[in-house]
**Student:** 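Quick one: structure below, then a few questions.
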Amino acid sequence: MNERVARLHRLRWHCRRALLELDLVFLRYWQRVGDDLDAGDEAALALLLEMEDHDLWELVSGRRETADPQLSGLVEQLRQV
Amino acid sequence: MKITQRTFDAVIVGAGGAGLRAALQLSESGLKTAVITKVFPTRSHTVAAQGGVAASLGNSEEDHWHWHMYDTVKGSDWLGDQDAIEFMCRKANEVVIELEHYGMPFDRTDAGKIYQRPFGGHMSNFGEKPVRRSCAAADRTGHAMLHALYQRNVRANTQFFVEWMALDLIRDADGEVLGVTALEMETGEIVAFQSKATIFATGGAGRIYYSSTNAFINTGDGLGMAARAGIPLEDMEFWQFHPTGVAGAGVLITEGVRGEGGILRNSAGERFMERYAPNAKDLASRDVVSRAMVTEINEGRGCGPNKDYVLLDITHLDPKVIMQRLPGIHEISIQFAGTDPIKEPIPVVPTCHYQMGGIPTNYSGQVVAPRGSSMSVAVPGFYAAGECACASVHGANRLGTNSLLDLLVFGKSAGETAVEDVRKSVKAHKPLPQEAIDRTLARINRLDTQKDGADVHQARLAMQRTMQNHCGVFRFADKLKEGVSKILDVQKDVERAEIRDKSQVFNTARIEALELENLIEVAVSTMISAEARKESRGAHVRDDAPDTPEHPNGRDDVNWLKHSLWFKEGNRLDYKSVKLTPLTVDTIELKKRAY
């Protein structure tokens, strides 16, 4: 299997979260982007998925903002899905 | 075919609160302990628990474990085993203080003690008035608990197998449990984990319902594995529902919304709760509100194109109140209902929240099953704790904050019993029976080679819709009967489900198909157990078992004061008596459950 596909599969699994809210957001996200993630999105997603679930949900739901320019684009996409 | 074998003293499946608490007991005892988990431990669904953990510490006012026990028996609608309930309530202070010593950041009183708050159903002096019994860490109690337990496990050298999925229980011809087979997601390799003690702590299976508050990982893996290995599942007809989940998503809208003045309306815009509960109206108890909502939908007064939800209206509230007192509701509504609750009402349906039944255990955490003339004989080498287990402390209905207590007490208890059993065993590990391993390999092979089979997503959706429509919060004899036949048809589809992706690295299609094979066992056991129980009790409410003087709340203690046991083989049901004798105190006598 090609390495990129394997990496994306791993990222998809890492989108299985403790909170239903996040599961639903990431389900919609993958339905929208399919495998069309560029390297920047992929890196941002990997970074975002390292966050604790409650913090991540506060970010995605708009109750908190990120100062990290690497994450802001992806966070905005997740808010729109 | 030979597969790699790894050997431990104990193997725990699941790394939520119950699994981590059990693992800690084993590792700190010096036993070689492995934890197998589908996701990183602190991503377990325990994180979602906000309410707190019940313990009669009496830090804010007088409290006693006996009062807590009374509340739990009453909450269970007398289906809980009173020995296990006494055990849990007496152990509560010990496990909470232990957790405090592990570094759990509980909220504090000014005097530095653990702060306690009131929670529904928890009362002082045998039901007299509400008592402050819940210990919380802000609104992140589950999260804080998992972190404290995980760190402690790291210190104790627990070995974690993260992103591994347990597949099947390994049982020999004598019925002894010798470990599990498991799939490493990163490589697709199947490995046999050999152990003297196997503890299941796999959580609930709320994903059997179309509308569920449970995260996607809650697929009842332990229940599926137990059922396939010939272990019965107990009291599976009892599921707790929350009245207001966002329709089509399941995300919870807190009760606080109705507390602040939110009104439930049907398709005619009518405030229908005035007809069902003229005094309490929208603030009636969860079960009354849920039943009223289902009645409105069933009688054609639901909203939307399919008339399958009702509306929760807060448009009359001051937007400032919504933003200040109901934080998060605005965002949840926009994100998952696509409506701004300041301008439009939120579509809601009763939503599955918690599973009271599970793998039958005693209060020592040993899995028990019928053998010979006894209905509860310990299965050697096998233990279970937390939502996947049925001790049974929640009986027909769970009290809030008793779930975190359950996983701490019975996680520890299962761990302690396993430590004793492993130390008593003088023999080396028994050899693993090849037939058990071959059964796993045959299951995987079937999945990989299935042609013209059913689509996993479609089959899962059919299961979820069947459960929601036929075995929801309010149950009807004809719908249940029809539901049994429908769910058995869905099961046939699941047995020939097909995946197109045959790759090995993080093949999520394969994992989802394997999860569905577990979910369907839970769904079938639920439907069959619910159809058979011809009374109303706790969370199992039937239209044909109404409240009468002879059967208050529809409960029929003469015929149905007993636990259901469903066996996969032949979809057979059996029953065992409820333990009404506590360990040291008098029986809490049967009476009508009323608040």
Side-chain angles (χ1 to χ4, degrees), chain A residues 1-37 42-43 45-66 72 74-81, chain B residues 16 38-50 138-140 142-144 146-147 163 165 185-188 203 206-207 212-219 245-246 248-252 327-336 351 501-512 515:
Chain A
M1 178 193 272
N2 122 9
E3 264 184 44
R4 181 171 175 275
V5 174
R7 274 204 318 274
L8 291 183
H9 278 203
R10 181 197 297 264
L11 274 180
R12 271 180 194 259
W13 184 253
H14 287 179
C15 289
R16 281 279 194 110
R17 310 301 291 191
L19 301 178
L20 174 66
E21 288 86 337
L22 291 170
D23 280 339
L24 291 167
V25 166
F26 284 120
L27 178 71
R28 292 176 189 173
Y29 174 75
W30 286 104
Q31 280 169 349
R32 177 177 284 197
V33 300
D35 288 341
D36 291 337
L37 262 74
E42 202 185 308
L45 183 57
L47 199 62
L48 207 63
L49 292 173
E50 291 298 311
M51 289 178 71
E52 297 292 347
D53 287 84
H54 288 289
D55 296 336
L56 185 50
W57 171 239
E58 285 194 351
L59 204 56
V60 170
S61 67
R63 288 166 70 189
R64 233 172 73 173
E65 296 299 331
T66 175
S72 53
L74 177 60
V75 167
E76 199 45 47
Q77 276 187 63
L78 291 170
R79 286 177 184 172
Q80 300 303 323
V81 289
Chain B
K38 290 195 290 187
V39 295
F40 192 76
T42 53
R43 306 261 185 276
S44 305
H45 193 50
T46 305
V47 163
Q50 296 185 343
D139 60 352
R140 294 191 180 185
H143 168 93
L146 271 189
H147 275 262
E163 292 165 350
M165 180 178 179
M185 294 183 192
E186 187 165 15
T187 61
R207 299 306 307 174
S212 169
T213 66
N214 285 201
F216 290 0
I217 42 175
N218 286 24
T219 55
V246 173
V251 177
L252 265 191
I329 295 307
H330 189 244
E331 291 88 349
I332 284 175
S333 184
I334 288 175
Q335 190 106 16
F336 300 112
T351 296
D501 181 359
K502 320 281 186 193
S503 63
Q504 294 300 315
V505 181
F506 280 97
N507 182 339
T508 49
R510 178 183 287 129
I511 295 162
E512 285 180 12
E515 287 177 332

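Every chain is numbered from 1, with letters handed out A, B, ... down the list of sequences.
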**Student:** Tell me, with the steps shown, if B:K38 and A:W13 meet side chain to side chain contact (heavy atoms under 4.5 Å, CB included).
**Tutor:** CA-CA 9 Å; B:K38 290 195 290 187; A:W13 184 253; 4.0 Å; yes

**Student:** Do the side chains of B:R43 and A:E52 get nearer than 4.5 Å, heavy atoms only?
**Tutor:**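 Yes, close enough: below the 4.5 Å cut-off.
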
**Student:** Under 4.5 Å from any heavy atom of chain B, what part of A:R79 do you find: side chain, backbone, both or neither?
**Tutor:** backbone

**Student:** Start with the C-alpha gap between A:V60 and B:Q335, add the side-chain angles, then the distance that decides, and say whether side chain to side chain contact (heavy atoms under 4.5 Å, CB included) holds.
**Tutor:** CA-CA 10 Å; A:V60 170; B:Q335 190 106 16; 4.3 Å; yes

**Student:** Relative to chain B, which segment of A:L56 carries a heavy atom at a distance below 4.5 Å: side chain, backbone, both, or neither?
**Tutor:** neither

**Student:** Relative to each other, are the rings of A:W57 and B:F336 parallel, tilted or perpendicular (30° and 60° limits)?
**Tutor:** parallel

**Student:** Would you sort out whether B:V251 and A:E21 count as a side chain to side chain contact (heavy atoms under 4.5 Å, CB included), showing the intermediate values?
**Tutor:** CA-CA 6 Å; B:V251 177; A:E21 288 86 337; 3.6 Å; yes

**Student:** Pick one of side chain, backbone, both or neither for A:Q80, based on which atoms fall under 4.5 Å of a heavy atom in chain B.
**Tutor:** neither

**Student:** Which residue out of B:E331, B:R140, B:H45 racks up the most heavy-atom pairs below 4.5 Å with chain A?
**Tutor:** B:R140

**Student:** For side chain to side chain contact (heavy atoms under 4.5 Å, CB included), just list the numbers for A:R10 and B:M185, CA-CA rounded to whole Å, side-chain angles, deciding distance to a tenth of an Å, and then say yes or no.
**Tutor:** CA-CA 9 Å; A:R10 181 197 297 264; B:M185 294 183 192; over 6 Å; no

**Student:** With rounding to the nearest 0.5 Å, note down the distance linking CG in A:L20 to CZ in B:R207.
**Tutor:** 5.5 Å

**Student:** With a 4.5 Å heavy-atom cut-off, do B:H143 and A:D53 have their side chains touching?
**Tutor:**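 In short, these two side chains do not touch, never coming nearer than 4.5 Å.
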
**Student:** If you measure from CD1 on B:I511 to CZ on A:R12, what distance do you get to the nearest 0.5 Å?
**Tutor:** 12.0 Å

